[in-house]
Amino acid sequence: MDIKVLGTGCKKCIALYNLINEAITELGIQANVEKVEEITKIVQYGVMLTPGLVINGKVKMSGKVLSKADVKKYIQEEM
């Protein structure tokens with residue numbers, strides 16, 4: 001599974017990145033989690049508000065920090 005957090009390093013982006021790592025640990029799955037901080041790469045996904053969440057190439061959300069339950073739901077949808 002490939003997960004990307006799109007954002008320039010703000011508090012919300014860091015919070016989402018940490019939530020994702022907690023969620024994959026709790027779910028007991030392997031995933032490649034990457035922070036994408038370059039604006040040009042973020043825009044290529046069509047994301048204008050950060051943080052953004054991309055799982056397996058699909059933009060799942062942008063512009064807010066999700067709850068851990070929501071993060072798990074999005075991950076499980078892509079399993």
Side-chain angles (χ1 to χ4, degrees):
M1 178 170 295
D2 184 49
I3 302 173
K4 292 179 176 28
V5 176
L6 311 179
T8 57
C10 67
K11 288 181 182 181
K12 289 180 181 179
C13 301
I14 294 167
L16 180 59
Y17 180 81
N18 291 335
L19 272 177
I20 290 167
N21 284 304
E22 289 174 22
I24 62 173
T25 298
E26 290 177 14
L27 291 169
I29 62 168
Q30 295 287 328
N32 176 37
V33 182
E34 176 186 356
K35 288 196 289 188
V36 178
E37 297 181 341
E38 298 83 18
I39 295 293
T40 54
K41 290 183 180 179
I42 293 170
V43 172
Q44 288 175 349
Y45 285 98
V47 171
M48 297 298 156
L49 296 172
T50 60
L53 175 62
V54 178
I55 302 176
N56 293 336
K58 299 174 190 167
V59 177
K60 293 295 190 174
M61 83 76 219
S62 67
K64 63 182 178 178
V65 176
L66 300 168
S67 68
K68 192 185 301 182
D70 287 335
V71 169
K72 286 181 177 181
K73 179 186 81 169
Y74 284 130
I75 291 171
Q76 289 171 324
E77 286 176 358
E78 293 300 320
M79 290 174 68

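Each residue takes its place number in the sequence, starting with 1. Here the structure is a predicted model, which is why all the values come from computation and not from measurement.
- With rounding to the nearest 0.5 angstrom, the CD1 atom of I29 is 10.5 Å from the CD atom of E78.
- Between atom OG1 of residue T50 and atom NZ of residue K64 there is a gap of 14.5 Å, rounded to the nearest 0.5 Å.
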Going through the distances and angles, do I42 and M48 end up as a side chain to side chain contact (heavy atoms under 4.5 Å, CB included)?
CA-CA 8 Å; I42 293 170; M48 297 298 156; over 6 Å; no
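- Taken from CD1 in I55 to CE in M1, the straight-line distance is 6.5 Å, to the nearest 0.5 Å.
- Residue K73 places its NZ atom among more than 12 non-hydrogen atoms of other residues, nucleotides or ligands, all under 6.0 Å distant.
- Between Y45 and V59, the shortest heavy-atom distance links the atoms O-CG2, 3.6 Å.
- Atom NZ of K68 sits in a crowded spot, with more than 12 heavy atoms from other residues, nucleotides or ligands closer than 6.0 Å.
- Legend: residues meeting salt bridge (charged side-chain N to carboxylate O under 4.0 Å, His left out) with K4, ordered by chain and number and at least two apart, are D2, E34.
- Considering all non-hydrogen atoms of both residues, G52 and L16 come closest at O-CD2, 4.0 Å.
- Considering every non-hydrogen atom in both L27 and K72, the closest pair reads CD1-CG, 4.1 Å.
- Geometric assessment of K60 against the ring of Y74 yields a negative cation-pi assignment under the 6.0 Å and 45° thresholds.
- Note that the OG1 atom of T25 and the CD atom of E22 stand 8.0 Å from one another [nearest 0.5 Å].
- Applying the side-chain hydrogen bond (donor to acceptor under 3.5 Å, both in side chains) rule to S67 yields the partners D70; only residues at least two apart in sequence or on another chain are considered.
- Under the 4.5 Å side-chain heavy-atom criterion for grouping Ile, Leu, Val, Met, Phe, Trp and Tyr, L49 is not connected to V65 through any hydrophobic cluster.
- How far CD1 of I24 is from CD1 of I3: 5.5 Å, rounded to the nearest 0.5 Å.
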Working note: Q44 + V36, criterion side chain to side chain contact (heavy atoms under 4.5 Å, CB included); need CA distance, chi angles, decisive distance, verdict.
CA-CA 11 Å; Q44 288 175 349; V36 178; over 6 Å; no
Criterion side chain to side chain contact (heavy atoms under 4.5 Å, CB included) on V5 and I14, from CA distance to verdict:
CA-CA 9 Å; V5 176; I14 294 167; over 6 Å; no
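- Nearest heavy atom pair, residue L66 against residue M61, reads CD1-CG, 3.7 Å.
- Considering CD1 of I39 and CG of L6, their distance stands at 10.0 Å, rounded to 0.5 Å.
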